[in-house]
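This report concerns only the one structure given below.
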Amino acid sequence: VTSTDVSDPLAIARTVGTRLDGTPLAVMLDVDGTLAPIAPTPQDARVPEDTRNVLRALASLPGVHLALVSGRSAADAAGVAGIAGAWVLGNHGIERRSPDGTIEADDAVRPHEAAVQRAREALTRAARTVEGTIVEDKRWTLSLHYRLADPVAVPALMDAAREVAGATGLRVLHGRKIVELRPPVDIHKGTATVALSARLGALDTRAALLFAGDDRTDEDAFTALRARKPDAVTIRVAAGTEAPAETGAEFTVGSPDALREVLAWLAARRAAAR
Ligand SMILES: [Mg+2]
């Protein structure tokens, strides 16, 4: 798989041509590392005001649907982004928040709620032994954040997470300085973005679709969306050295700022075409 590394973000604009002119247009964006620069702790992350303005402009255009796609809970991701009128796919697709604020969880995860709570106690005990770790309870999943932990302690921490997952029947999902325990159901950013795109009519031939993300979990969306809609525009944000070397995204940009330039171009182009 080859991805075009774009040092000038507007080179994407030239390459995609009219591919984002269709209606409806679904703009689906990961939050952390994509819109919000990576922060020392999850609570410190925020989407810069300049970026919020671009997102608000996009969300207010007729025929444009904005969706935030995050590993955070849907309510948390909505708060970090601070955009009214957006869809939010939270918990890597387990939760869906509608633009009116209603949050629904996928029925398939409900039988596993008790297992997640059992795992929370065991994972919290394990994490307590390593300074700089945070266990986040997202009800349907658990996140263990270790960005501030001593790297020497991380392998044992991963062993402990795997052990807890094994004992409670959960799955382990790795991200950027985060490990997640999830119910054993096949819901991920790929299934969730395809389902929402279908619901919005964004997989139709006259529709348009853009997805951007920075992490391993976003690769599921790059692959699934390109398979379902070959003219979908997929962009990986590769900031720093943590990003995987291989990507299923068509384009790669170097930072959340570079992505914002692409989104600003798109908002201006759609506004001008009205
Ligand atoms: Mg991310």
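In listed order, ligands and their atoms are each counted from 1.
- Dense packing is recorded around CD of Glu49, with more than 12 heavy atoms of other residues, nucleotides or ligands lying under 6.0 Å away.
- The one candidate from Asp30, Asp220, Thr223 that meets the side-chain hydrogen bond (donor to acceptor under 3.5 Å, both in side chains) condition with Lys189 is Asp30.
- For the Mg ion (ligand 1), the set of nearby N, O or S atoms under 2.8 Å includes one belonging to Asp30.
- Because the distance cut-off is set at 2.8 Å, Asp214 qualifies as a neighbour of the Mg ion (ligand 1) through one of its N, O or S atoms.
- Of all the N, O or S atoms in Asp32, the one closest to the Mg ion (ligand 1) is O.
- When only modelled atom types and interatomic distance are considered, Arg260 and Thr51 share a side-chain donor-acceptor pair under 3.5 Å.
- Heavy atoms from other residues, nucleotides or ligands lying under 6.0 Å from CZ of Arg228 number 12 at most.
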